[in-house]
Amino acid sequence: MKEAYFPQEIEKKWQKVWEETGAFKTPDDSDRPKYYALSMFPYPSGKLHMGHVRNYTITDVIARFKKAQGYNVLHPIGWDSFGLPAENAAMKHGANPETWTDENIAYMTKQLKMLGLSYDWDREVATCKPEYYKWTQWLFLQLYKKGLAYKKEAAVNWCNDCGTVLANEQVIDGKCWRCDSVVEKKYLSQWFLKITDYADVLLEDLDKLPGWGDNVKIMQANWIGKSHGAIIKFKVKEIPGMEVPVYTTRPDTVYGITYLVVAPEYKDIEKLTTPEYREEVEAYRANARKMSEIERLSTDRTKTGVPLGTHCINPFNGEEFPLWTADYALVEYGTGAVMAVPTHDTRDFDFAKKYNLPMKVVIQNTQNPSNCENEAYTEEGILVNSGEFNGMKNTEAKKAITEKAAREGFGEFKIQYRLRDWLISRQRYWGAPIPVVYCDKCGIQPVPEDQLPVMLPKDVDFSVVGKSPITTSPTFKDTVCPVCGGHATREMDTMDTFICSSWYYLRYADARNDKECFNKDKVNHWLPVDQYVGGIEHAILHLLYSRFFTKALRDCGLLDFDEPFKNLLTQGMVLKDGSKMSKSKGNTVDPDEIFENYGADTARLFILSDSPPARDFDWSDAGVEGCYKFLNRVWRLISTNANNISLNIPEIKAGDLKKKENDDLLRFVHMSVKGITNDISNDFQFNTVISKYRELTNAIYDWQGRKPSLDDEDKLILSFAIVSLMKLMSPVAVHLTEEAWHELGGEGSIHDQAWCKWDENLAKSSSITLVVQINGKVKDKIEVDEGLSQDKMKEVALKSEKIKALTDGKTIIKTIVVPKKLVNVVVK
RNA sequence: GCUCCAGUGGCGGAAUCGGUAGACGCGUCGGACUUAAAAUCCGAUCGGGGCUCAACCUCGGUGCCAGUUCAAGUCUGGCCUGGAGCACCA
């Protein structure tokens, strides 16, 4: 065995062997229980970054650990390969998006292989390939048939730079999630998926996911935004038969209404405007239309509005109040109209102050009454000025008042969600075409399933500005209607790429199936994903969409489970010098360089070492160096002892070893096995796993430092310790351990070896340190036998010279004994 | 504004149930080996005080202030700071 560690040589060699022997192929049928480990698949942007390295290493170690524990592990990879960057590259450099994407996939595949990841490449998928998007289109048709996909004219988020609409989830602070430019409102006819049908179950089922972090679940719950309230309908005084319904979570404040606001886009606003106000209202609406989303939604902005000239009648007390329009009312939420109670809502308060609208206190805190002159009172209290409800607690009044409204026919209880339907049309080329046609006679018609896929046209001009390249194809647009055979035009929009990524984890179960989307039995066998690993940035977008898809496909009868990801690990970011690695900051670290200088095993070890997976990880060059040195140390330990190590190790039981130091080492190994196994099992605490590798290595070196020569017992325990270390390290240092295994004469692969077991009796040291405290402060430590009874422990503690001296002349009130740990003497 | 998370040495971070705070590493300092360097190995490394030095002894210390407890990094209440998500959602 070579004395020096040459990772580059070793790694290439074994990567080749694993590929040739198909070491990581996963059979669908096996006696072993299944385990599905999944990383969020990458966008083929060009090169791997350290975030990828961290993500895939974490999942790979989990997959290998589970395999060693006896599971049949599915660990696939693929490419989220539709999307704007490919198209932008095409526009910029004249490259074809397909070529650009394929080249990137090829390069990144090479990098993934260099990292030594245990993927089953036979199951690789790429969402931009017709054999994949055929099924994306097919799934769209199933949702269409179920009534879950529909087209409507709506105010949508428009990104001018990307030249496309965006889903609500893709608008961050009023800006485009991809290019950061300000998003505008446009009115367009677009395709939507009815995710709102699933709002409640998406919320409820979060409780079925104990294996997800609370942070993600809370973010999803907030996004879904369920609220309980009431609809109350108000008659319009000037227009007989006309009503304006509002949604409110505060029906208890109805007696305090002093005006009512509708959104500028409110459907009946023109009818509700009297002629003398028309001009002013129109001007206000035009202005609102022009404003960007970010301006419009800014909370800092002072509120504006104009009266419509009409009035509503409060059905509870007959009071009349004016109707206004103001852009703080949102057309998409509730009914698009708000009943305003300035005294008990801060927004209404601000508005009423500005426009001198009246205020009326209806909720009072009896301890500390307020007339609401300076601010709205939004806490709980007792109803006043509220007719028959006076004196009632407001929490009870909510129910009582809504009940009255329901009884008398002008209101009802209502649950409202913040979640909106998912807008999936994109005016872009590089995506899956939406498989519908528009017939001159028959209207919207789905493309028949046997005509799928609707292929992306290749005869397009990528240099066009302001419209989708797909519209330049001379062959794509015109087609025939599948119903009447007459002329029809194809839908020119493609689907949001988040659709493609909402089902890829299902395709892995049956990736090469060209007859169906996936076989139902196979999907039911492999899913749900046992462990999903990825970035927190997908907490809402991808993870919510995937949950929706799973539920919708279950309802289509395509699968039998309702949550796709049983356990979710959201890994932290990779930082450099305290900030996120980015090209613009120039603080990126290129994985290729690390592979070249130190090898993949060092990269894997380091990326897991310093922080727990969920926390941010600060990259340091010194840290990489340290890990490289450690691997050298491990290599040296093995190579210098190669002649003394046998892989034929009989089971060593407690008491088998005569020498104390050998028994101690045996115990240390068992403790390490136990500790490492538990650390991986409990939330994948790889940082402490790696510190335990180091401790064990240090312990073996220390042991050896005290041995001038080795007899048979020494060689036995040394073999046991080193081989255990190798097996424990094999999921992380995948190449080094494989090479060492073979150099020591091992058969097969170390990665096919069973995980180390520990003996509970040996996974502890032979003696314990008894801590003696006085009044809770440590005063003495005494080495004692592990089996000591509680009485004996107390006796030993009180006999200690130090304790005697410190308790001298004081009264011992009581003594607390914690078995196998400590004695606390309470004195006065 | 609302919701959530986190605050431990010079740094990253350890510390099942409340039971030895600072594992392991990085950095720094000192030493060994070497003509020298690299590599490697050994040792020290929270702060204050005591002792001529050292071993040692002693007091304090996990963002701040209280509380519960024999015992608090860990539990409770109230703050402060930082981060994340949502945000005119009625």
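Each chain gets a letter, A, B and so on, in the order the sequences are listed, and its residues count up from 1.
- Note that the CZ atom of A:R418 and the CZ atom of A:R420 stand 7.0 Å from one another [nearest 0.5 Å].
- For A:R636 and B:C41, the shortest distance from a side-chain N or O to OP1 or OP2 is below 4.0 Å.
- In this structure, the separation between CH2 on A:W223 and CG on A:L203 is 14.5 Å, given to the nearest 0.5 Å.
- For A:Y247, no side-chain nitrogen or oxygen approaches OP1 or OP2 of B:A90 to under 4.0 Å.
- A distance below 6.0 Å separates the ring centres of A:F617 and A:F606.
- Closest contact between the side chain of A:M219 and the listed nucleotides B:G85, B:A14, B:A87 involves B:G85.
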Distances under 3.5 Å between nitrogen or oxygen atoms of protein and nucleotides 67-70 of chain B:
{"residue": "B:C70", "atom": "O2'", "partner": "A:N824", "partner atom": "ND2", "Å": "3.4"}
{"residue": "B:C70", "atom": "O2", "partner": "A:N824", "partner atom": "ND2", "Å": "2.4"}

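- Comparing the P positions of B:G9 and B:C46 gives a spacing of 13 Å, expressed to the nearest Å.
- For B:C46, the base adopts the anti conformation, since its glycosidic angle falls more than 90 degrees from zero.
- Among the nucleotides B:C57, B:A90, B:C86, the one closest to the side chain of A:K802 is B:C57.
- The side chain of A:N698 sits closest to B:C24 out of B:U40, B:C24, B:G85.
- Ring geometry, A:F351 versus A:Y259: the interplanar angle falls under 30°, so the pair is classed parallel (tilted spans 30 to 60°).
- Close to B:G13, at under 4.0 Å from its OP1 or OP2, lies no side-chain N or O of A:T688.
- A:D618 and A:K576 are not joined by a salt bridge, as no carboxylate oxygen comes within less than 4.0 angstrom of a charged side-chain nitrogen.
- A distance-only check finds a donor-acceptor pair linking the side chain of A:N314 to the backbone of A:V254 [under 3.5 Å].
- Counted by atom type alone, A:S767 and A:E783 present one or more donor-acceptor pairs between their side chains at under 3.5 Å.
- The 5' end of RNA chain B is approached more closely, in terms of each residue's nearest nucleotide, by A:P612 than by the other of A:A622 and A:P612.
- Of the candidates B:A23, B:A90, B:G25, B:G25 carries the atom nearest the A:R694 side chain, counting heavy atoms from C-beta on.
- Straight-line distance between the C1' atoms of B:A84 and B:G78: roughly 24 Å, to the nearest whole Å.
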- Task: Would you sort out whether A:Y545 and A:L543 count as a side-chain contact (heavy atoms from CB on, under 4.5 Å), showing the intermediate values?
- Result: CA-CA 6 Å; A:Y545 293 149; A:L543 291 168; over 6 Å; no

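- Ring-plane geometry between A:Y628 and A:Y5 is classed as tilted, the angle between the planes lying from 30 to 60 degrees on a 0 to 90 degree scale.
- In RNA chain B, runs of at least 3 consecutive Watson-Crick or G-U pairs, each pair with both distances below 3.5 Å, span B:1-7 with B:80-86, B:10-12 with B:24-26, B:27-32 with B:40-45, B:46-50 with B:56-60, B:63-67 with B:75-79.
- Closest to the side chain of A:K779, from the set B:A90, B:C88, B:C59, is B:C59.
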- Note on the structure: Given protein heavy atoms under 4.0 Å, the one-letter contact record of nucleotides 3-12 of chain B, with B base, S sugar-phosphate only and - none, is simply SS-------S

- Item | ring pair (Phe, Tyr, Trp, His ring centres under 6.0 Å) between A:F316 and A:F410, worked out | CA-CA 10 Å; A:F316 287 90; A:F410 51 84; 5.1 Å; yes

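- Of the side-chain N and O atoms in A:N687, none sit less than 4.0 angstrom from OP1 or OP2 of B:G25.
- Picking from B:G13, B:G25, B:A15 the nucleotide with the shortest atom distance to the side chain of A:Q685 gives B:A15.
- B:A71 and B:A21 are spaced 14 Å apart, taking the P atom of each and rounding to whole Å.
- Nearest to the side-chain atoms of A:K629 among the listed nucleotides B:U40, B:C88, B:A90 stands B:U40.
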